[in-house]
Amino acid sequence: MPHTHIWWIRRDLRLHDNQALFSALQGADQLIPLFIIEPELMAQAAPKRRAFLLSALAELDRQLKALGSRLIVRQGPALPALQALTAEVGTLSIFAQEDFSPFARQRDAAVAEMMDLKRYPGVVFQHPESILKADGDPYIVYTPYKNSWLGHPLPTPADCLPSPGYLPPLPPGLESISLPTAASPDGFPATPKAALGRLTAFTDQAIRQYNSQRNRLDLDGTSRLSPYLRFGLISAREALAHAHIARLRTQTDADRAEVQTWINELVWREFYTAILYHFPHVLKRPFREDYQHIPWRHAPEDLAAWQNGQTGYPVVDACMRQLIATGWMHNRGRMIAASFLTKDLLINWQEGEAWFMHNLVDGDPAANNGGWQWTAGTGTDAAPYFRIFNPITQGLKFDPQGDFIARWVPELRHLPTPFRHEPWKLKPEQTDQFGFRLGSDYPQRIVDHAFARQRTLEAYKKRN
Ligand SMILES: Cc1cc2nc3c(=O)[nH]c(=O)nc-3n(C[C@H](O)[C@H](O)[C@H](O)COP(=O)(O)OP(=O)(O)OC[C@H]3O[C@@H](n4cnc5c(N)ncnc54)[C@H](O)[C@@H]3O)c2cc1C
């Protein structure tokens with residue numbers, strides 16, 4: 001009997017630095033590169049995220065064909081799909097990159113009970129079980145987690161595995177579902193080449209100003225690698241190895257600090273993955289039990305205004321429209337938008353979490369939940385609830401010329417900078433001068449920030 005191995009592809013859509021693939025190749029006479037369409041996951045995926053995934057799978061298929069193989073696609077759920085494959089080809093071993101969401105862990109546990117499933121690292125660099133407090137408990141605060149995480153050596157490019165130059169053949173006669181074709185969302189070509197190109201360009205240059213520029217909405221100061229990390233077109237190890245080299249190349253403490261901040265962001269990603277792993281309840285309720293009973297408002301019209309970028313607060317609307325148009329939002333924008341929903345509108349963070357997951361090309365349950373709970377003040381490492389973002393000063397600080405607003409809220413483009421942030425401050429004669437009518441060209445504010453702030457402070461106090 002030939003040794004048949006399955007490389008079960010999930011969040012590792014790449015041939016390079018792939019520990020599951022690398023292991024699957026050892027001793028394999030036949031290799032099945034397999035993707036299983038999970039109906040439950042596909043139904044939840046944002047259209048742009050699904051398009052990115054489909055486009056990345058098509059690219060992977062092209063790369064496999066160049067090596068004499070091809071992608072086999074089957075309909076899920078996973079366990080029956082894998083059992084059907086075993087019936088077709090005989091006994092086999094399955095090699096997969098370990099995933100940490102509750103759905104993935106349950107699925108994998110069910111498969112491992114019935115079949116030979118081997119799991120390998122890759123989604124994150126440090127396994128959630130490997131960064132624990134001295135007493136063996138998981139960390140629930142970022143800074144001590146980060147300090148412990150950084151106590152381990154960073155990888156170098158030499159630690160990353162090369163792409164295989166050869167793949168064993170498929171068993172003869174295997175059928176595959178054909179995937180719908182989809183163009184990857186603008187700005188995010190779904191190829192490992194694009195991902196590596198972006199990583200290299202970013203770590204060669206922009207990373208040296210990352211700390212100073214990462215909060216500016218109007219600048220291109222962040223890597224925009226999130227969809228690539230989400231689906232594993234690059235590995236966490238590669239991203240860290242590149243950052244490590246960038247840090248070694250710095251000459252001054254100030255430059256080192258700029259680079260270190262980016263490494264710290266990758267550690268946030270690992271932290272939230274670990275939180276979801278150790279505390280899966282966060283997907284259903286607040287991390288902190290005492291924040292279960294905040295009297296959230298049921299306000300469908302306000303929610304719709306927020307979702308559609310029609311709140312009358314320019315920076316919030318610009319962020320929300322960027323999300324709808326591109327499937328991506330700047331981290332500062334995510335914080336501003338999330339704060340507005342939870343603190344200005346007093347709408348449950350879970351509504352926002354769901355809307356982001358419906359729209360983000362990088363939508364990731366761990367990072368998204370972590371970001372929402374942090375902003376709402378219900379999470380592990382939460383900003384205290386009385387720290388409420390002022391949407392006007394946030395805009396003025398992080399989009400000083402109003403360029404970001406002008407880009408996404410064209411109704412305000414013709415106004416001078418200060419009025420882009422506060423169009424309600426235009427005097428009547430100026431509204432004629434600029435041909436702009438608040439209320440018809442652009443909405444009035446749906447809530448007064450000072451009033452909303454007070455309302456939220458009282459609601460959070462009353463939560464018990
Ligand atoms: C409310 C809210 C929701 C969020 N939802 C998601 C999400 O669904 N998916 C997602 O990947 N990130 C999410 N984030 C984190 C962060 O906003 C994005 O990772 C970042 O904006 C992606 O842009 P970038 O690739 O240019 O990031 P960079 O600034 O270049 O950072 C590099 C990488 O580090 C990781 N990262 C950076 N910041 C964070 C963070 N705060 N938490 C976790 N990982 C981080 C990402 O993988 C990112 O690609 C959310 C943040 C908030 C406040």
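Whatever order the structure lists ligands and atoms in, that order sets their numbers, starting from 1. Positions are given from 1 along the sequence.
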ask   = Salt bridge between Arg297 and Asp302, side-chain N to carboxylate O under 4.0 Å?
value = yes
ask   = Is there any N or O on Thr375 that sits under 3.5 Å from an N or O of ligand 1?
value = no
inquiry  = Can you tell me how far apart CZ (Arg105) and CZ (Arg119) are? Round to the nearest 0.5 Å.
reply    = 9.5 Å
inquiry  = Which residue and atom name correspond to the protein heavy atom nearest atom 10 (C) of ligand 1, and how close is it?
reply    = Ala367 CB, 3.6 Å
note = Sorted by chain and residue number, the ring-ring contact (aromatic ring centres under 6.0 Å, His included) partners of Tyr313 (sequence neighbours excluded) come out as Phe340, Trp424
ask   = What is the closest protein heavy atom to atom 36 (N) of ligand 1, and at what distance does it sit?
value = Glu265 O, 3.6 Å
inquiry  = Below 4.0 Å from ligand 1: does a non-hydrogen atom of Gly363 turn up there or not?
reply    = yes
query = Is Arg249 paired with Asp204 through a side-chain N to carboxylate O contact shorter than 4.0 Å?
reply = yes
ask   = Judged by non-hydrogen atoms, does Tyr210 sit under 4.0 Å from ligand 1?
value = yes
message = Quiz question: by atom type and distance under 3.5 Å, do the side chains of Gln394 and Arg332 form a donor-acceptor pair?
response = yes
query = Are a donor atom and an acceptor atom from the side chains of Gln260 and Arg247 found within less than 3.5 Å of each other?
reply = yes
task = Distance to 0.1 Å, residue and atom name: give those for the protein heavy atom nearest to atom 40 (C) of ligand 1.
result = Trp268 CB, 3.9 Å
request  = Please say whether Gly371 places an N or O atom under 3.5 Å from an N or O atom belonging to ligand 1.
outcome  = no
inquiry  = Using a 6.0 Å cut-off, check whether atom CD of Gln209 has over 12 heavy atoms from anything other than its own residue.
reply    = yes
query = In the protein, which heavy atom is nearest to atom 13 (C) of ligand 1, and how far is it?
reply = Arg334 NH1, 3.3 Å
request  = Decide whether an N or O pair under 3.5 Å exists between Arg224 and ligand 1.
outcome  = yes
ask   = Heavy atoms only: which of Asp364, Asn331, Ile234 is nearest to atom 16 (C) of ligand 1?
value = Asn331
Side-chain ion pair, Asp344 and Arg445, N-O less than 4.0 Å = no
Asp99/Arg11 ion pair, N-O < 4.0 Å = yes
key: Heavy atom of Met335, distance to ligand 1 below 4.0 Å   = yes
message = Taking only non-hydrogen atoms of Met329, do any sit less than 4.0 angstrom from ligand 1?
response = yes
query = Counting from 1, what ligand 1 atoms have a heavy atom of Leu229 closer than 4.0 Å?
reply = 47 (O), 49 (O)
message = Need the ligand 1 atom indices (1-based, order shown) with element for anything under 4.0 Å from a heavy-atom of Leu225.
response = 25 (O), 49 (O)
ask   = Do ligand 1 and Trp372 have nitrogen or oxygen atoms that lie under 3.5 Å from each other?
value = no
ask   = Rounded to the nearest 0.5 Å, how far apart are CG of Leu15 and CG of Leu233?
value = 10.5 Å
task = Taking only Lys NZ, Arg NE, NH1 and NH2, and the carboxylate oxygens of Asp or Glu, determine whether Asp399 and Arg407 approach each other closer than 4.0 Å.
result = no
task = Only counting residues at least two apart or in another chain, list the ones meeting ring-ring contact (aromatic ring centres under 6.0 Å, His included) with Phe100.
result = His127, Tyr277
query = Is there a heavy atom of Trp328 sitting under 4.0 angstrom from any atom of ligand 1?
reply = yes
ask   = Looking at atom 3 (C) of ligand 1, what's its closest protein heavy atom, distance included?
value = Asn368 OD1, 3.2 Å
Passing option when Phe271 is tested against Trp374, Phe279, Trp149, Tyr145 for ring pair (Phe, Tyr, Trp, His ring centres under 6.0 Å) = Tyr145
task = Report the nearest protein non-hydrogen atom to atom 33 (C) of ligand 1: residue, atom name, distance rounded to 0.1 Å.
result = Leu266 CD2, 3.7 Å
ask   = Can you find an N or O of Tyr272 that's nearer than 3.5 Å to an N or O of ligand 1?
value = no
query = Tell me, which protein residue and heavy-atom name are nearest atom 32 (C) of ligand 1, and how many Å apart are they?
reply = Trp262 NE1, 3.2 Å
Atom 22 (C) of ligand 1: the protein heavy-atom neighbour that sits closest, reported with distance to 0.1 Å = Ser226 OG, 3.3 Å
